[in-house]
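Each remark here refers to the structure printed beneath this line.
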Amino acid sequence: MRALFVGGVIDNGELDLDGGEPPKHYPPETGSGQSRYRLQAVGRGDDGIACAVYGAPDFDRAEVKRISDERDYARRFEANLEFLD
């Protein structure tokens, strides 16, 4: 699956993630006890999870959704983006 980042230092960055489920925070362990990015949405396609959208901690969820729509992640990964509560 592909991790996609919105806001913060690595805005518009991407990387591959291993495993069946994306971690709630990225990176999962920072050593300081504070995560830099939080899982905001999961993109599910026919073959399972295709992408995970992470937002910077100081980024509003509505802004993460707006930018994800603007970047058209759902179409790009042929997935249905499910935003988390």
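This is a predicted model, so every value here is computed, not measured.
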Distance from L15 atom CG to I10 atom CD1, nearest 0.5 Å?
7.0 Å
Applying the 4.5 Å side-chain criterion to the ILVMFWY set and letting contacts propagate, would V42 and F77 be lumped into a single cluster?
no
With a 4.5 Å cut-off on side-chain heavy atoms, are E82 and R44 touching?
yes
Determine whether R36 and P27 make a side-chain contact, defined as any pair of heavy atoms from C-beta on separated by less than 4.5 Å.
yes
Is there a continuous path of hydrophobic side-chain contacts, each under 4.5 Å between heavy atoms, that joins L39 to F83?
no
CG (D47) with more than 12 external heavy atoms under 6.0 Å
no
I'd like to know whether D69 forms a salt bridge (charged side-chain N to carboxylate O under 4.0 Å, His left out) with R66, so could you lay out the CA-CA distance, the side-chain angles of the two residues, the decisive distance to 0.1 Å, and finally the verdict.
CA-CA 5 Å; D69 290 344; R66 183 191 69 74; over 6 Å; no
Determine whether I49 and E21 make a side-chain contact, defined as any pair of heavy atoms from C-beta on separated by less than 4.5 Å.
yes
Search all heavy atoms of A56 against all heavy atoms of G8 and return the closest pair with its distance.
CB-N, 3.6 Å
Below 4.5 Å, heavy atoms only, C-beta onward: do F59 and V6 meet side chain to side chain?
yes
Can you list the steps and then say if D11 with R71 is a salt bridge (charged side-chain N to carboxylate O under 4.0 Å, His left out)?
CA-CA 12 Å; D11 180 48; R71 293 177 182 167; 3.0 Å; yes
Begin with the C-alpha distance, continue with both residues' side-chain angles, and end with the deciding distance and a verdict on salt bridge (charged side-chain N to carboxylate O under 4.0 Å, His left out) for E70 and K65.
CA-CA 9 Å; E70 184 178 284; K65 183 176 182 339; over 6 Å; no
Is the Y26 to Y37 ring centre distance short of 6.0 Å?
no
Of all heavy-atom pairs linking P23 and Y54, the shortest is O-OH, 2.7 Å
Roughly how far apart are D60 CG and Q40 CD, rounded to 0.5 Å?
9.0 Å
Out of curiosity, L17 CG to L4 CG, how far, rounded to the nearest 0.5 Å?
9.0 Å
Checking the side chain of R61 only, and the main-chain atoms of L84 only, is there a donor and an acceptor separated by less than 3.5 Å?
yes
Please find the pair of heavy atoms, one from V53 and one from S68, that lie closest to each other, and give the distance.
CG1-OG, 3.6 Å
Can we say R2 and D18 salt-bridge, meaning some charged N sits less than 4.0 Å from an Asp/Glu carboxylate O?
no
Separation of L81 CG from R75 CZ (nearest 0.5 Å):
12.0 Å
Identify the heavy atoms of M1 and A52 that sit nearest to each other, and give their distance.
SD-CB, 4.5 Å
